[in-house]
Amino acid sequence: DGGITQSPKYLFRKEGQNVTLSCEQNLNHDAMYWYRQDPGQGLRLIYYSQIVNDFQKGDIAEGYSVSREKKESFPLTVTSAQKNPTAFYLCASSGDGGPRETQYFGPGTRLLVL
Amino acid sequence: DQQVKQNSPSLSVQEGRISILNCDYTNSMFDYFLWYKKYPAEGPTFLISISSIKDKNEDGRFTVFLNKSAKHLSLHIVPSQPGDSAVYFCAAITGGGNKLTFGTGTQLKVEL
């Protein structure tokens with residue numbers, strides 16, 4: 001059945017280390033999104049991609065990077081430049097590239113710093 | 001600058017009663033609004049939406065009301081059920097915009 005998968009469920013990062021969060025969808029959606037959720041805060045957009053090989057910065061892109069080489073995949077790298085990476089990361093996708101389309105979310109990855 | 005605000009971080013309601021979740025916004029360019037529901041350790045799921053050309057949209061037990069002059073929307077759940085216990089986020093988008101702006105969420109607890 002179709003959906004969005006994120007892995008791993010929990011991820012630990014050491015100081016100065018880059019880590020990559022996986023997001024895969026089999027919904028044949030054009031648009032994909034990465035959000036960050038911190039306690040007591042709403043979801044904040046990190047990066048989004050409306051088509052393959054193209055992506056745009058969201059509101060809090062500093063310290064993160066993405067790629068969109070395949071329609072199904074939108075990995076997020078948390079670089080060492082991100083000084084406060086501990087958060088819950090959510091990936092989403094939507095149908096025709098427009099955010100008014102219903103966004104379907106994955107189960108999330110919780111990133112913790114050691 | 002929090003353009004979408006949910007001022008009640010939590011709400012407790014008895015089963016069978018009405019739950020009213022509120023959301024205020026400051027950007028008058030927002031013209032489409034959505035509600036998402038989130039269980040712990042899961043991603044949010046879409047619940048209901050409303051365009052600014054309407055003032056009400058209904059889907060089963062869920063109704064969203066929009067008051068454009070007050071820049072306020074609310075989600076009504078009637079009757080509330082224990083399975084409705086979750087965090088509810090409102091979100092908004094401007095006309096021609098390319099991203100959603102989310103509120104901070106309200107934790108709803110429906111008690112037996």
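Letters A, B, ... mirror the listed sequences (proteins, then strands); counts begin at 1.
Proximity to chain B (any heavy atom under 4.5 Å) is restricted, for A:Asp59, to the side chain, taken from C-beta onward. For chain B, no part of A:Tyr104 is nearby; none of its heavy atoms comes within less than 4.5 Å. Contacts of B:Pro44 with chain A are made by both backbone and side-chain atoms, with heavy-atom separations under 4.5 Å. Only the side chain of A:Leu45 comes within contact range of chain B, judged by heavy atoms closer than 4.5 Å.
In the hydrophobic clustering of ILVMFWY residues, with side-chain heavy atoms under 4.5 Å counting as a link, A:Ile4 and A:Leu76 come out apart. Linking Ile, Leu, Val, Met, Phe, Trp and Tyr residues whenever their side-chain heavy atoms come within less than 4.5 Å leaves B:Phe65 and B:Tyr32 in two separate clusters. With hydrophobic clusters built from ILVMFWY side chains whose heavy atoms lie under 4.5 angstrom apart, B:Leu100 does not share a cluster with A:Tyr89. Taking hydrophobic clusters as Ile, Leu, Val, Met, Phe, Trp and Tyr residues chained together by side-chain heavy-atom distances below 4.5 Å, A:Leu90 does not share a cluster with A:Phe55.
Counting heavy atoms of neighbouring residues, nucleotides and ligands inside a 6.0 Å radius, atom CZ of B:Arg61 exceeds 12 of them. Heavy-atom neighbours of B:Lys68 NZ from other residues, nucleotides or ligands within 6.0 Å: above the threshold of 12. Within 6.0 Å of atom CD in A:Glu62, 12 or fewer heavy atoms from other residues, nucleotides or ligands are found, so the atom counts as exposed in its surroundings.
The CD1 atom of B:Ile48 sits 11.5 Å away from the OG1 atom of A:Thr102 when rounded to the nearest 0.5 Å.
Of all non-hydrogen atoms in B:Phe89 and A:Gln41, the two that sit nearest each other are CE2-O, 4.2 Å. Minimum heavy-atom separation, B:Glu42 to A:Phe88: O-CE2, 4.1 Å.
Annotation: side chain of B:Lys99 is not in contact with side chain of A:Gln56 (no heavy-atom distance under 4.5 Å). Inter-residue side-chain proximity for A:Gln103 and B:Tyr36 is flagged as met; some heavy-atom pair is nearer than 4.5 Å.
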